[in-house]
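Here is the structure we will look at, set down as structure tokens.
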Amino acid sequence: MPQVIPVAFYSEHDDPVAWERALRAHLPELELRVGGPPEGVVAALAWKPPPGFFAGFRDLRLVVNLGAGVDALVARDDLPPLPISRLNDPGMVKLMCSYVTYAVTRYARDFHLFERAQRAGEWRYIHPRALHTHRVSVLGLGELGGAAAAALAAMGYAVTGWARSPKQIAGVRCLHGEDGFATALAEADTLVMLLPLTPATRGLIGTAELARMPRGANLINVARGALLDEEALLAALRSGHIAEATLDVFQQSPLPAGHPFWAMENVRITPHLASITIPEAAAADVAESIRRVLRGEAPLHQVDPGRGY
């Protein structure tokens, strides 16, 4: 193992000081470079690096994606074929579960309607309904989606999950394939989108898919903005076919001033923070992945660029 291990860092949202402190506890040889020279860098920790970022890194042997989705790293012209590792962070999973269970419960318990009544100065009573009568479909049953579906089921919701391949999650009706996808849409009082962005999922939810959902259903997107046709969602929200939407991701981020979503009472907007990485929770695995590639081994949590996850 070399005396110094140069590692590049790029993220507009993550704190390099926190990452350096967390990684040094497991990798004392670390030399974290933020905007430093590329010579000798063997690994890069990155979140949505700009075009051309990797062009000068001739010694690079590993890229660690500082987030859940790796769509910003695949099919780049500045990144040669080398291992890409995703984070395995229990803290990130817990944050996502907290966001999803809150957003679903806000609709299932009519809290969004009470918020409007309060703004209008109205005392409005809506009799509570049993949680098992609220049907939730979760699209995507990976590390985050599977955990969110399980958390919702544990709360008592009627949960259907859909994934590309068969899954088994306690308390969750797991579907796959085209027929399963159609069923998940048709039986969703609230639809939760937690799929990775791949060529197969880009634009997955459009006019036809929204029309399959029950009139008055709700939609929650905490995955990627490009999964969803925003114009189709706008039309569905305006017609009332989709009653409410909670959106943490958008086709353009930050959401531009003047976008119709800003003025819609039935849309809740958050700035892509449903789940973030906690360096202290992920650092041990990142350090181990770096050590493994330096020994000529595969890193932990390696993604398949062809599949996009």
Is any side-chain heavy atom of Leu73 less than 4.5 Å from a side-chain heavy atom of Val303? no
Of the options Asp285, Leu300, Ile5, which is the one that meets Ile290 in a side chain to side chain contact (heavy atoms under 4.5 Å, CB included)? Ile5
Could you walk me through whether Leu82 and Leu62 pass the side-chain contact (heavy atoms from CB on, under 4.5 Å) check? CA-CA 6 Å; Leu82 51 77; Leu62 171 69; 5.7 Å; no
Looking at Asp189 and Ala217, would you say the former's side chain and the latter's main chain have a donor-acceptor pair under 3.5 Å? no
Return yes if a side-chain donor-acceptor contact under 3.5 Å exists between Arg173 and Thr160, otherwise no. yes
For residues Leu144 and Val100, determine if any side-chain heavy atom of one lies less than 4.5 Å from a side-chain heavy atom of the other. no
With the 4.5 Å side-chain cut-off for hydrophobic clustering, are Leu195 and Val172 part of the same group? no
Please determine whether a side-chain nitrogen of the Lys or Arg among Glu244 and Arg106 lies less than 4.0 Å from a carboxylate oxygen of the Asp or Glu. no
CD (Glu297) with more than 12 external heavy atoms under 6.0 Å: yes
Mark yes when over 12 heavy atoms from residues, nucleotides or ligands other than Arg109 sit less than 6.0 Å from its CZ; otherwise mark no. no
Please verify the inter-ring angle class for Trp47 with His272; under 30° counts as parallel, over 60° as perpendicular, anything in between as tilted. perpendicular
Within a 6.0 Å radius of atom CG on Asp179, are there more than 12 heavy atoms belonging to other residues, nucleotides or ligands? no
Return yes if a side-chain donor-acceptor contact under 3.5 Å exists between His134 and Thr190, otherwise no. yes
Going only through I, L, V, M, F, W and Y residues with side-chain contacts under 4.5 Å, is there a path from Met92 to Val70? no
Classify the ring geometry of Tyr107 against His112: parallel below 30°, tilted from 30° to 60°, perpendicular beyond 60°. perpendicular
How many angstroms lie between atom CG of Leu237 and atom CG of Leu219, to the nearest 0.5 angstrom? 8.0 Å
Does Arg215 CZ have over 12 foreign heavy atoms under 6.0 Å away? yes
With sequence neighbours excluded, what pairs up with Asp59 under the salt bridge (Lys or Arg N to Asp or Glu O under 4.0 Å) test? none
Run the salt-bridge test on Glu39 and Arg33 with the 4.0 Å N-O cut-off and return the result as yes or no. no
Return the minimal non-hydrogen interatomic distance between His301 and Asn88, and the atom names on each side. NE2-CB, 3.1 Å
Between the side chain of Glu187 and the main-chain N/O of Pro214, is any donor-acceptor distance below 3.5 Å? no
Just by modelled atom types, is the Ala182 backbone N or O under 3.5 Å from a matching donor or acceptor in the Trp162 side chain? no
Answer yes or no: is there a side-chain heavy-atom contact under 4.5 Å between Glu29 and Arg291? yes
I'd like to know if the side chain of Asp78 and the backbone of Gly52 have a donor-acceptor N/O pair within less than 3.5 Å. yes
Whether Arg76 side chain and Ala72 backbone form a donor-acceptor pair below 3.5 Å: yes
Hey, any chance Val138 and Leu131 share a hydrophobic cluster, counting ILVMFWY side chains that come within less than 4.5 Å of each other, even indirectly? yes
Is the ring pair Tyr99/Tyr102 parallel, tilted or perpendicular, if the boundaries are 30 and 60 degrees? perpendicular
To check you understand the geometry: which heavy-atom pair defines the closest contact between Gly145 and Leu194, and what is its length? CA-CD1, 3.6 Å
Short side-chain to backbone donor-acceptor contact, Glu20 and Val17, under 3.5 Å: no
Please name the residue in the list Leu227, Asp71, Leu139 that meets the side chain to side chain contact (heavy atoms under 4.5 Å, CB included) test with Thr201. Leu227
OH (Tyr157) and OG1 (Thr101) are apart, to the nearest 0.5 Å, by 8.0 Å
Leu87 and Asn65: side-chain contact (heavy atoms from CB on, under 4.5 Å), yes or no, with the steps? CA-CA 7 Å; Leu87 294 176; Asn65 190 52; over 6 Å; no
Same apolar cluster (I L V M F W Y, side chains within < 4.5 Å links), Leu141/Val136: yes
Is there a side-chain contact between Glu122 and Arg116 in this structure, where contact means two heavy atoms from C-beta onward sitting under 4.5 Å apart? no
Indicate yes or no: at least one non-hydrogen side-chain atom of Leu45 is less than 4.5 angstrom from one of Leu23. yes
Check: Pro279 main-chain N/O paired with Thr277 side-chain donor or acceptor under 3.5 Å: no
Heavy-atom pair with the smallest gap, counting every atom of Pro6 and Gly40: CG-O, 3.5 Å
Are Phe250 and Ile242 co-members of a hydrophobic cluster defined by side-chain heavy atoms under 4.5 Å apart? yes
Check Met213 against Asn218 and note the closest heavy-atom contact, atom names and distance. CE-O, 3.8 Å
Where Ala184 and Leu175 come nearest, the two heavy atoms and their spacing: N-CD1, 4.3 Å
Any donor-acceptor pair under 3.5 Å from Asp110 side chain to Leu113 backbone: no
Please identify which of these residues, Trp19, Phe53, Phe57, meets the ring pair (Phe, Tyr, Trp, His ring centres under 6.0 Å) condition with Tyr10. Phe53
When you measure from the side chain of Arg224 to the backbone of Val249, do you find a donor-acceptor pair of N or O atoms at a distance under 3.5 Å? no
Might you point out which heavy atoms bring Val293 and Arg61 nearest each other, and give the distance in Å? O-NH2, 2.8 Å
